[in-house]
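Below: the structure, in structure tokens.
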Amino acid sequence: MNSEKPSDPLKPIYRDSLIDIPRRGKDLRSHHTALLCIDMQYLDAAEGHGLFSDYENSPISMEEMDYYFSRLKEVVLPNVHNLQNCFRAHGLEVIHVRIQSLTKDGRDRSKGHQRLELHAAPGSGDACFLEEVAPVGDEIIINKTASGVFSSTNLHYVLNNMGISSLYVVGVYTNECVETTIRDACDLGYLVTMIDDGCATVTPELQSATVRNLKDRYAKVISTEQALGEVERELDDG
């Protein structure tokens, strides 16, 4: 008899109640689903800019930077670009979240961002979105100065106004702003789908550990290819 126990014995309960449920498909067909893109900006996702402007004094090693930017360039940015275009083509909301203060000196920032000296002033280069995944037309932009967008902005109010109850989530860093947002969204009642290859952080270990913790408990975790298939299947057939 196999005496091994599953690593998380509660996951089947969560999977049955939050993950494998018909409402996810219904939300897509009724356009109650949005793509949430987190912090795809120069501050934290561009070589030589923002957090990566001072290589010599960075706590992130060159090896970790190489991994992070290779994953962004080769995997994440193309996937997010394709997901955005798919959502747009089907009339689904694409919502962009970024780190940006209300003031030029950043006095409105969260205490955490002040301690970290993390700041992107309005109109600054660090606040600009990466061109490959930038907003199009009048897509909604939410500015934040904390790890979690729900705790620090009116995003929940905006989503409720538009009838959005399911979210597909992509962005950086997987183990920080992405994870915090997913956990908060789940607690607020949203059905969350995390796109594994649409997210990045500075080490593969942090990436895999975060995915392992969120999968089938706080979010359905799938690939870009699977997400594109879901959207096209539900909306093209609907």
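Values in this document were obtained by computation on a predicted structure and should not be read as measured data. Hydrogens, waters and symmetry mates are skipped; everything else that's a heavy atom, side chains included, is used.
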If every non-hydrogen atom of [X] is compared with every non-hydrogen atom of [Y], which pair is closest and at what distance?
| X | Y | answer |
| --- | --- | --- |
| Val172 | Ala45 | CG2-CB, 4.5 Å |
| Gly198 | Val170 | O-CB, 3.3 Å |
| Cys199 | Met194 | SG-CE, 4.1 Å |
| Asp105 | His119 | C-NE2, 3.8 Å |
| Val202 | Leu206 | CG2-CD1, 4.1 Å |
| Ala146 | Ser110 | CA-OG, 4.1 Å |

Practice problem: Determine, stepwise, if the pair Ile38 / Val149 fulfils side-chain contact (heavy atoms from CB on, under 4.5 Å). | Solution: CA-CA 9 Å; Ile38 299 175; Val149 64; 5.7 Å; no
Any chance the side chains of [X] and [Y] put a donor and an acceptor closer than 3.5 Å?
| X | Y | result |
| --- | --- | --- |
| Gln207 | Asp196 | yes |
| Glu131 | Tyr42 | yes |
| Glu230 | Tyr168 | yes |
| Asn79 | Asn82 | no |
| Arg24 | Thr193 | yes |
| Thr203 | Glu64 | no |
| Asn175 | Thr210 | no |
| Asp197 | Ser223 | no |

Side-chain donor/acceptor of [X] to backbone N/O of [Y], under 3.5 Å:
| X | Y | answer |
| --- | --- | --- |
| Thr180 | Ser147 | no |
| His90 | Cys86 | yes |
| Ser30 | Lys26 | yes |
| Arg98 | Asp126 | no |
| Gln114 | Arg109 | yes |

Is the shortest heavy-atom distance from the side chain of [X] to the side chain of [Y] under 4.5 Å?
| X | Y | value |
| --- | --- | --- |
| His49 | Asp44 | no |
| Lys215 | Arg15 | no |
| Ser58 | Met65 | yes |
| Cys186 | Leu188 | no |
| Thr33 | Ile164 | no |
| Asn213 | Arg183 | yes |

Cluster link [X] to [Y], ILVMFWY, side chain under 4.5 Å:
| X | Y | result |
| --- | --- | --- |
| Val211 | Leu83 | no |
| Leu235 | Ile195 | yes |
| Met162 | Val192 | yes |
| Phe129 | Leu118 | no |
| Ile95 | Val136 | no |

Quiz item: So Ser152 and Thr145, side-chain contact (heavy atoms from CB on, under 4.5 Å) or not? Walk me through it.
Solution: CA-CA 7 Å; Ser152 59; Thr145 61; 5.5 Å; no
Quiz item: Between Arg88 and Glu139, is the closest basic N to carboxylate O distance under 4.0 Å?
Solution: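 Yes, this pair counts.
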Quiz item: If you measure from the Lys or Arg side-chain nitrogens to the Asp or Glu carboxylate oxygens, is any gap between Asp216 and Lys11 under 4.0 Å?
Solution: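 Looking at Lys11 together with Asp216, the answer is no, because their closest N to O distance does not fall below 4.0 Å.
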Distance check, rounded to the nearest 0.5 Å: [X] atom [atom1] versus [Y] atom [atom2]?
| X | Y | atom1 | atom2 | answer |
| --- | --- | --- | --- | --- |
| Tyr55 | Ile60 | OH | CD1 | 10.5 Å |
| Leu167 | Glu93 | CG | CD | 11.5 Å |
| Leu43 | Gln100 | CG | CD | 10.5 Å |
| Asn143 | Gln41 | CG | CD | 9.0 Å |
| Ser151 | Asp187 | OG | CG | 11.5 Å |
| Ile21 | Lys220 | CD1 | NZ | 10.0 Å |

Quiz item: Between Tyr14 and Tyr218, does the ring centre distance come in under 6.0 Å?
Solution: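 No, the ring of Tyr14 stays outside the 6.0 Å limit from the ring of Tyr218, centre to centre.
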Practice problem: Indicate, with yes or no, if the rings of Phe150 and Tyr190 have centres closer together than 6.0 Å. | Solution: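 Distance test on ring centres: under 6.0 Å, yes.
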Practice problem: Check the pair Leu28 / Leu92 against side-chain contact (heavy atoms from CB on, under 4.5 Å), numbers first and verdict last. | Solution: CA-CA 8 Å; Leu28 272 171; Leu92 297 168; 4.0 Å; yes
Quiz item: If you count the non-hydrogen atoms of other residues, nucleotides and ligands that lie under 6.0 Å from CD in Glu132, is the total more than 12?
Solution: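 Buried by this count: over 12 neighbours within 6.0 Å.
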Exercise. Might you confirm whether atom OH of Tyr67 has over 12 heavy atoms from other residues, nucleotides or ligands at distances under 6.0 Å?
Key: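 Yes, enclosed.
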Practice problem: Mind running salt bridge (Lys or Arg N to Asp or Glu O under 4.0 Å) on Asp8 and Arg212 for me, showing each step along the way? | Solution: CA-CA 10 Å; Asp8 185 349; Arg212 185 169 60 250; over 6 Å; no
Self-check item: Residues Thr103, Asp108; criterion side-chain hydrogen bond (donor to acceptor under 3.5 Å, both in side chains); working and verdict
Solution: CA-CA 7 Å; Thr103 55; Asp108 61 284; 2.6 Å; yes
Quiz item: Name the one of Leu159, Thr153, Leu36 that satisfies side chain to side chain contact (heavy atoms under 4.5 Å, CB included) with Ile142?
Solution: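 Among the candidates, only Thr153 passes.
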Self-check item: CA sep, side-chain torsions, deciding dist, call: Val76, Met40, side-chain contact (heavy atoms from CB on, under 4.5 Å)
Solution: CA-CA 10 Å; Val76 173; Met40 307 295 288; 4.1 Å; yes
